[in-house]
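Working notes, beginning with the structure itself.
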Amino acid sequence: MKDKIRRIVLSAAQAAYDQGDLATDQFAPFQITEPKASAHGDLATNFAMVSAGVQKMAPKKIAEAVLRHIQDPDHIIARSEIAGPGFINFFITPAAWHPSLAEIFQKDHHYGESNLGGGQRIQVEFVSANPTGPLHVGHGRGAVVGDAVAAILSFCGYDVHREYYINDSGRQIHTLGRSVLYRCMQISGKPVDFPEECYQGDYVYDLAKEILKEKGGRLTTVAEDEAVAYCAEYAAGKILTVIRQDLDVLGISFDNWFSEKHLYDSGKVDAVIQYFQQKNLIYENDGALWFKTSAFGDEKDRVVVRGNGQTTYFASDIAYHKDKLDRGFEKIIDVWGADHHGYIPRIRASIQAAGKDENQFVVILTQLVNLLRAGEPVAMGKRSGQFVTLREVIDEVGRDAARFIFLTRHYDSPLDFDLEIAKQQTNDNPVYYVQYVHARISSIIKKAKAERAIEEINADDKSISLIREPEEIQIIKHLARYPETVIMSAEFFEPHRIAFYLMELAAAFHAYYNKHRVLTDDPALTAGRLYLIVAVRKVIRNGLALLGVSAPESM
RNA sequence: GCGCCUGUAGCUCAGCUGGAUAGAGCAACGGACUUCUAAUCCGUAGGCCGGGGGUUCGAAUCCCUCCAGGCGCGCCA
């Protein structure tokens, strides 16, 4: 509808120019918007105001000139007016909205799809938690946001790949190995101090017990280095399995699990260091190798190989991101926790240093999650022994509620996740509010089938013409807005737009439901209304699918 | 000290990338179930959009500057 109005305005402006009512046909970019107040019409344009400069005319004069030349052969405009500082307001005839319903039926699961991406290959890397402990709610937010962004981009015509980067190399894994080994020793009755930097969580005990059971005492007879390495590999493997299970419970799967260790084993890290040494972007100082990230906007240079010969995490990350781009992705998106923000400039620098376009690299920073129970903070943090894992949260509140809560906030704002609220089945917890629409409509359909033998939901022109209550038109207007909502959501990587869209659509439906009956004594009217609510159900289902939330038939 | 993010109703959050009288939900108060699911709806009340400057026809939105909170500033990851 916005497009139709835009075309009408443009051709009116052109006609106005052709007949000398406007000074130029170089029209400034203008918007078609939905006024907040219904008194201002269904759609409005700021054309006259933004054109004041180029036309060198008063906005109201421009608006008058445009309105004089409006051509509306399909009679979609009931009336138009000039208002405020120069808005042109359009009041759309109710019948003009009806074709949107047919479009929803025709496109069905594909309603809202677009070719925004044009098949562009895009990679979304998310979660990527180190396999040194269970996932916590913070990871959950990144997981759900990344998954939803991937789904939305895919729906918008991108060729999307989901990837998890496994940090299965380096010091943290070594620390994990030590943690498990020391616990093994303690369980076997050997008095050892448990270092502070080791992982304190109970899961380390469990892993130690498992290892002892499988390997018996042999572990303590070999050299410590060997034992640590064994424990590290064993524990990381087990933890990764649990992480996969947790993500599976959330409904998340990846196209690829990329191993950091593999990056080293295949020589890619060394190769990248050599590559940048040849380009004079890596130099030696104080026995360490430094990358000239400061030449690309970072505040200082960064170490890639330490004085003791060990590579840093940054070294493998340079290799990893270069590898991603070398694999042919036109855009790579990293979903990180906000505590990693300081890391962005150096990765971006490495990408520019490799001669790539920095705009190919996008970071979505999800802000922190505060876990609460009835308003009281719940302890989190891997190193403190006690913490609530993501799995525990999902088991307690359910996958749908968990996902929806993560997605009803802009990723840029901190999130209070209250376990008690997440469990409530009230409007405080809107996932049920949205799902309830789907269940209610499903229920009406069932009843229509059972009591009226209505097998197929369809409507002829007469039935559709009976859809004209203000609440009904309101709903169709909202349905018509779905495709642009999805596109905006994709362009800005903002899944929350869809969540809020669905809540608004749900509100419009619930209000309608309470005011009007769908199953009436008039068969034609009933057919029209069934047609309308089935369209609502399709859009609710499509939207929830993008968010990874189920659409129940009954509740 | 420097950098990133945030500051909107008592609480949790939106605000269509600069538009008209700033919106939802919860909490409060008053109503609506003999009818398609009350996990719902209708109404009332609630605001210096953190403060102050600027940019222009027009600012919650853009710029500057303070204030407050969160998170970062290692040859850690």
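Each chain gets a letter, A, B and so on, in the order its sequence line appears, and its residues count up from 1.
Residue contacts shown for A:Thr33 are absent, as no nucleic acid heavy atom lies under 4.0 Å away. Using a 4.0 Å heavy-atom criterion, one finds that A:Arg409 contacts the sugar-phosphate atoms exclusively. Counting any heavy atom pair closer than 4.0 Å across all strands shown, A:Ala448 reaches no nucleic acid atom. Within the nucleic acid shown, A:Glu484 has no heavy atom closer than 4.0 Å to any nucleic acid atom. Using a 4.0 Å heavy-atom criterion, one finds that A:Ala44 contacts the bases of the nucleic acid, with or without backbone contacts as well. Residue A:Ala439 is classed as a base contact, given a heavy-atom separation below 4.0 Å to a base. Here A:Leu368 lies in heavy-atom contact (under 4.0 Å) with sugar-phosphate atoms only. Nucleic acid contact for A:His438: none, since no nucleic acid atom lies under 4.0 Å from a heavy atom of the residue.
When the nearest nucleotides of RNA chain B are assigned to A:Arg497 and A:Pro35 by heavy-atom distance, the more 5′-ward of the two goes with A:Arg497. Taking the nucleotide of RNA chain B with the nearest heavy atom to each of A:Tyr436 and A:Asn89, the more 5' of the two is matched to A:Asn89.
Within 6.0 Å of the NZ atom in A:Lys423, the count of heavy atoms belonging to other residues, nucleotides or ligands exceeds 12. Within 6.0 Å of NZ in A:Lys2 there are more than 12 heavy atoms belonging to other residues, nucleotides or ligands. For A:Glu34, the CD atom is densely surrounded, since the number of other residues' heavy atoms within 6.0 Å is greater than 12.
Regarding the sugar-base torsion, B:U44 falls in the anti class, its angle being beyond 90° of 0. Under the 90° criterion around 0 for the glycosidic angle, B:C33 counts as syn.
Here A:Arg529 pairs with A:Glu472 in a salt bridge; the nearest charged N to carboxylate O distance falls below 4.0 Å. A salt bridge links A:Glu396 with A:Arg373; the closest basic N to acidic carboxylate O contact falls under 4.0 Å. Salt-bridge formation is detected for the pair A:Asp334/A:Lys324: a Lys NZ or Arg NE/NH1/NH2 atom is positioned less than 4.0 Å from an Asp or Glu carboxylate oxygen.
Side-chain N or O atoms of A:Gln424 include none that pairs as donor or acceptor with a backbone N or O of A:Asn429 at under 3.5 Å.
Note: A:Phe258 and A:Tyr164 fail the aromatic proximity criterion, with ring centroids not under 6.0 Å apart. Aromatic rings of A:Phe47 and A:Phe27 (six-membered ring for Trp) have centroids within the 6.0 Å cut-off, being under it. Residues A:His478 and A:Phe509 place their aromatic rings such that the two centres sit no closer than 6.0 Å.
A:Phe492 places its CZ atom 13 Å from the C1' atom of B:U61, with the value rounded to the nearest Å. For the pair A:Glu504 CD and B:C13 P, the interatomic distance rounds to 18 Å; values are reported in whole Å. Atom C1' of nucleotide B:U21 and atom CZ of A:Phe87 are separated by 12 Å, given to the nearest angstrom. For the pair A:Ile454 CD1 and B:C36 C1', the computed distance is 11 Å after rounding to whole Å. As a whole-Å value, the separation of A:Lys60 NZ from B:G19 P is 19 Å. Atom NZ in A:Lys477 sits roughly 18 Å away from atom P in B:C16 (whole-Å rounding). What separates CG of A:Asp418 from C1' of B:C13 is a distance of 14 Å, to the nearest Å. Residue A:Ile441 contributes atom CD1, which lies 16 Å from atom P of B:A39 at whole-angstrom precision.
For A:Arg541 and A:Tyr111, the positive end is not near the middle of the six-membered ring at less than 6.0 Å and at most 45° from its axis. For A:Arg481 and A:Tyr501, the positive end is not near the middle of the six-membered ring at less than 6.0 Å and at most 45° from its axis.
Inspection of the A:Ser413 and A:Gln367 side chains reveals no N or O donor paired with an N or O acceptor under 3.5 Å. Side chains of A:His410 and A:Arg497: a donor-acceptor N/O pair is absent below 3.5 angstrom, by distance only.
Rounded to whole Å, the separation between the C1' atoms of B:G15 and B:G25 comes to 15 Å. Distance noted for atom C1' between B:C36 and B:G31: 23 Å (whole Å). Nucleotides B:C62 and B:C26 are separated by 30 Å at their P atoms, to the nearest Å. The C1' atoms of B:A60 and B:A14 are separated by 12 Å, rounded to the nearest whole Å. Using C1' as the reference atom, B:C49 and B:A68 are 16 Å apart when rounded to the nearest Å. Only the P atoms considered, B:G18 is 33 Å distant from B:C41, to the nearest whole Å. B:U17 and B:G54 are spaced 27 Å apart, taking the P atom of each and rounding to whole Å. B:G69 and B:U8 have their C1' atoms separated by 16 Å, with the value rounded to a whole Å.
Put simply, A:Tyr432 has no side-chain N or O that comes within less than 4.0 Å of OP1 or OP2 on B:A39. Between B:C26 and A:Tyr433, no contact under 4.0 Å exists linking OP1 or OP2 to a side-chain N or O. For the pair A:Ser443 and B:U37, the criterion of a side-chain N or O lying under 4.0 Å from OP1 or OP2 is met. A:Tyr513 has a side-chain polar atom (N or O) that falls below the 4.0 Å cut-off from OP1 or OP2 of B:A38.
Here A:His40 packs flat against the base of B:A20; its ring centre is closer than 5.5 angstrom to the base's six-membered ring, tilted by less than 30 degrees.
Each of B:U37, B:G19, B:C42 was ranked by its minimum atom distance to the side chain of A:Ile444; first place goes to B:U37. Of all nucleotides listed (B:U37, B:C13, B:A39), B:A39 comes nearest to the side chain of A:Gln425. Distance from the side chain of A:Met488 is smallest for B:C16 among the nucleotides B:C16, B:U40, B:A39.
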For every nucleotide of nucleotides 4-9 of chain B, 5' to 3': is a protein heavy atom under 4.0 Å from its base (B), only from its sugar-phosphate (S), or from neither (-)?
-> BSS---
Identify each atom pair where a protein N or O and an N or O of nucleotides 75-77 of chain B are less than 3.5 Å apart, giving names and distance.
| from | atom 1 | to | atom 2 | distance (Å) |
| --- | --- | --- | --- | --- |
| B:C75 | O2 | A:Gly307 | N | 2.6 |
| B:C75 | N4 | A:Asp286 | O | 2.9 |
| B:C76 | OP2 | A:Arg306 | NE | 3.1 |
| B:C76 | OP2 | A:Arg306 | NH1 | 2.6 |
| B:A77 | OP2 | A:Tyr313 | N | 3.2 |
| B:A77 | O2' | A:Asn130 | ND2 | 2.9 |
| B:A77 | O2' | A:Gln172 | OE1 | 3.1 |
| B:A77 | O2' | A:Gln172 | NE2 | 2.7 |

Stepwise side-chain hydrogen bond (donor to acceptor under 3.5 Å, both in side chains) check, A:Asp301 with A:Tyr283 = CA-CA 10 Å; A:Asp301 292 344; A:Tyr283 63 92; 2.6 Å; yes
Dot-bracket assigned to RNA chain B with the 3.5 Å Watson-Crick/G-U criterion, [ ] for crossing and | for other-strand pairs, is (((((((..((((.....[...)))).(((((.......))))).....(((((..]....))))))))))))....
